[in-house]
Number of protein chains: 2
Amino acid sequence: MRIGELSRRSGVSVPTIKFYLREGLLPPGELTSPNQAEYADTHLRRLRLIRALIELAGLPVARVKEVLESLDAGDQALHHRIGAVHRALAPSWPPAESADARAEARVRELIEKRGWMIEPDAPAIGTLAETIAVLQSLGQDDLAADLDSYADAVERLAEREVAAVASRPDADRIAESVVVGTILGERLIAALRLLAQEHISARLLGSASGDSRTE
Amino acid sequence: MRIGELSRRSGVSVPTIKFYLREGLLPPGELTSPNQAEYADTHLRRLRLIRALIELAGLPVARVKEVLESLDAGDQALHHRIGAVHRALAPSWPPAESADARAEARVRELIEKRGWMIEPDAPAIGTLAETIAVLQSLGQDDLAADLDSYADAVERLAEREVAAVASRPDADRIAESVVVGTILGERLIAALRLLAQEHISARLLGSASGDSRTE
DNA sequence: GCAATATGGATAGTATCACTAGCCATAAAG
DNA sequence: CTTTATGGCTAGTGATACTATCCATATTGC
């Protein structure tokens with residue numbers, strides 16, 4: 001297929017596809033003449049992945065490029081690949097590192113208590129510590145107090161997710177699964193959580209008066 | 001306190017605070033003379049909330065304004081307040097609505113099967129449907145296939161969260177708790193999930209060879 | 001009492017980002 | 001054999017989140 005069809009099938013405009021080609025997000029098509037190229041289904045899938053990363057995950061183009069590069073890297077070990085993808089997906093600004101020290105200690109304590117095997121420089125540690133620190137600075141430590149419940153829930157999910165990814169037969173797409181699963185999984189969980197919250201709040205508080213806390 | 005101290009205590013520059021005042025994100029201080037104003041601790045907390053919404057949740061300033069307005073609205077019923085906050089936090093672009101029809105049917109089916117009481121126009125429905133549709137267009141339906149596990153996990157968490165919010169004595173801060181809990185909770189869950197994934201992947205795949213899928 | 005600094009309020013400017021427009025020579029389609 | 005599409009290029013655009021600067025007035029330090 002040529003660029004026009006790629007555009008129609010992906011819903012991305014031709015100039016934007018050209019832009020992604022220029023930026024190196026999308027590999028060039030195979031040239032059939034000096035100014036004619038052929039694109040394959042892999043281009044279509046990659047393009048959809050790019051759109052998901054930009055639109056749904058809100059990643060800046062430069063970060064998308066890093067993610068895709070780590071995805072195409074020849075590193076064979078699945079575990080390391082997952083680590084690389086996680087690193088590429090991380091927020092990048094090294095977290096404030098100011099008063100987060102206590103929060104970070106708390107995170108490392110949690111990791112140790114659960115016996116989690118985590119590289120000490122995993123970016124999620126900083127993200128988590130920063131989040132906890134902000135929660136505390138806002139006077140809302142309920143959430144952070146219950147870290148264990150969250151860890152329980154998330155550990156169960158991760159078990160299924162990693163198993164599902166590892167069982168994929170097509171080695172080529174494993175890394176892609178990791179990216180998609182991480183990013184879209186996050187969104188899926190977030191949306192489901194909102195729905196669950198609405199349900200529970202309807203059940204616990206929504207019934208008659210509409211205000212259960214007047215006193 | 002005056003603007004200088006507010007700036008020092010929040011870590012936000014004076015010009016940026018002025019910008020937030022102009023944009024109506026931060027209510028004006030109390031004027032003590034024609035050009036002198038006094039800010040209270042509520043301003044400091046509000047400012048930290050604004051930063052969390054912009055930096056951590058990545059909300060655009062305009063959306064932050066909406067969220068804060070819904071937060072300050074006098075609507076008394078907690079359940080409705082939660083709904084309003086969820087609506088203000090939603091992605092705003094009405095989801096593509098194209099081939100998402102099947103995915104949306106799937107979501108409504110899930111809601112019905114679990115007996116969830118959800119308003120039919122809840123924005124999370126669209127978000128979830130879109131996410132599922134994208135997952136399928138990327139050929140990764142494992143995640144979506146296991147929706148029930150996610151719903152289970154998330155329902156348990158929501159139960160605690162709503163109960164925690166509802167038990168807060170300070171009615172003034174309940175809505176703020178909803179915002180903070182929704183946004184920072186999401187981030188907390190996401191970070192924890194990455195850590196759990198890394199642990200599980202180390203356990204299942206990381207051991208010796210580093211490549212369990214060579215065959 | 002008085003110079004140095006800070007403040008509230010305003011207008012205008014900047015940096016970044018994700019595209020988008022336009023041009024050209026050549027290729028494909030009708 | 002004309003119309004449309006393509007690949008490759010440079011330059012421009014619109015949105016967003018601040019920054020910079022200015023001014024008249026207040027406060028602060030001495």
Side-chain angles (χ1 to χ4, degrees), chain A residues 1-40 43-44 46-68 91-93 96 183, chain B residues 1-40 43-44 46-68 91-93 96 183:
Chain A
M1 96 189 87
R2 292 185 323 187
I3 205 175
E5 191 179 345
L6 188 58
S7 167
R8 243 174 304 111
R9 289 224 264 159
S10 64
V12 178
S13 76
V14 170
T16 298
I17 293 175
K18 285 184 172 184
F19 169 70
Y20 292 154
L21 286 167
R22 281 201 303 281
E23 296 294 309
L25 299 194
L26 197 60
E30 196 175 351
L31 286 177
T32 58
S33 8
N35 66 344
Q36 232 31 222
E38 182 72 14
Y39 301 94
H43 288 93
L44 182 56
R46 175 57 58 96
L47 195 45
R48 286 207 254 252
L49 178 59
I50 293 170
R51 291 308 297 168
L53 290 173
I54 290 178
E55 261 196 14
L56 303 188
L59 292 194
V61 165
R63 184 77 50 70
V64 172
K65 190 175 176 188
E66 287 169 31
V67 172
L68 295 177
S92 88
W93 352 287
I183 294 282
Chain B
M1 97 189 85
R2 290 185 327 189
I3 204 173
E5 190 179 346
L6 188 58
S7 166
R8 243 174 303 113
R9 290 223 266 158
S10 64
V12 178
S13 76
V14 170
T16 298
I17 293 176
K18 285 183 173 185
F19 169 71
Y20 292 155
L21 286 167
R22 280 201 303 281
E23 295 295 308
L25 298 195
L26 197 60
E30 196 177 351
L31 287 176
T32 58
S33 9
N35 66 344
Q36 230 34 220
E38 182 72 13
Y39 301 93
H43 288 95
L44 180 58
R46 175 57 58 95
L47 196 45
R48 285 207 253 254
L49 178 59
I50 291 170
R51 292 308 298 167
L53 290 173
I54 289 178
E55 260 196 15
L56 302 187
L59 292 193
V61 166
R63 184 77 50 72
V64 172
K65 191 174 176 188
E66 288 169 30
V67 172
L68 295 178
S92 88
W93 353 286
I183 295 282

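Residue numbers begin at 1 in each chain, while the letters A, B, ... track the order of the sequences.
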To the side chain of [X], which of [options] is closest?
X	options	value
L31(B)	dT11(C), dG8(C), dT26(C)	dG8(C)
R51(A)	dT6(D), dT7(C), dC19(C)	dC19(C)
T16(B)	dT20(C), dT19(D), dG8(C)	dT19(D)
F19(B)	dA24(D), dT19(D), dT6(D)	dT19(D)
V61(B)	dT6(D), dA17(D), dC19(C)	dA17(D)
P60(A)	dG8(C), dT10(D), dA18(C)	dA18(C)

Calculate the interatomic distance between [X] atom [atom1] and [N] atom [atom2]; express it in whole Å.
X	N	atom1	atom2	answer
R2(A)	dT4(D)	CZ	P	15 Å
E23(A)	dC9(D)	CD	P	13 Å
E5(A)	dA28(C)	CD	C1'	15 Å
I17(A)	dC9(D)	CD1	C1'	17 Å
R63(A)	dT16(C)	CZ	P	16 Å
L26(A)	dG8(D)	CG	C1'	15 Å
K65(A)	dA18(C)	NZ	P	13 Å
N35(B)	dA10(C)	CG	P	12 Å

Distance below 4.0 Å between [X] side-chain N/O and [N] OP1 or OP2:
X	N	value
Y20(B)	dA17(D)	no
R22(A)	dA11(D)	no
S13(A)	dC19(C)	no
R8(B)	dA6(C)	no
S33(B)	dT27(D)	yes
Y39(B)	dT7(C)	no

Query raised in the report: What are the two closest non-hydrogen atoms of L21(B) and P28(B), and how far apart are they?
Result: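 The pair with the smallest heavy-atom distance is CD2-CA, 3.9 Å.
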Requested in this report: Quick one: closest heavy-atom pair of V14(A) and G4(A), and the distance?
Outcome: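 Smallest interatomic distance, heavy atoms only, reads CG2-CA, 4.4 Å.
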Requested in this report: Working to the nearest 0.5 Å, report the span between CG of L53(B) and NZ of K65(B).
Outcome: 15.0 Å
Query raised in the report: Side chains of R46(A) and L68(A): closer than 4.5 Å at any heavy-atom pair?
Result: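 Yes, at least one pair of side-chain atoms sits under 4.5 Å.
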Query raised in the report: Is any side-chain heavy atom of L44(B) closer than 4.5 Å to a side-chain heavy atom of Y39(B)?
Result: no
**Report entry** A62(B) vs Q36(B), nearer the 5' end of DNA chain D by closest nucleotide
**Finding:**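 By nearest-heavy-atom nucleotide position, the 5'-most residue is A62(B).
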Requested in this report: Name the residue closer to the 5' end of DNA chain D, choosing between P34(B) and P34(A) according to the nucleotide with the nearest heavy atom.
Outcome: P34(A)
Query raised in the report: Using a cut-off of 4.0 Å on non-hydrogen atoms, how would the nucleic acid contact of L21(A) be classed: base, sugar-phosphate, or nothing?
Result: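 No contact.
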Query raised in the report: When the nearest nucleotide of DNA chain C is assigned to V14(B) and to K18(A) on a heavy-atom basis, which residue is associated with the more 5' position?
Result: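 The residue closer to the strand's 5' end, by nearest nucleotide, is V14(B).
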Query raised in the report: Restricting to pairs with a member in residues 17-33 of chain A, which pass side chain to side chain donor-acceptor pair (under 3.5 Å), not counting sequence neighbours?
Result: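 Sorted result for residues 17-33 of chain A: Y20(A)-R51(A).
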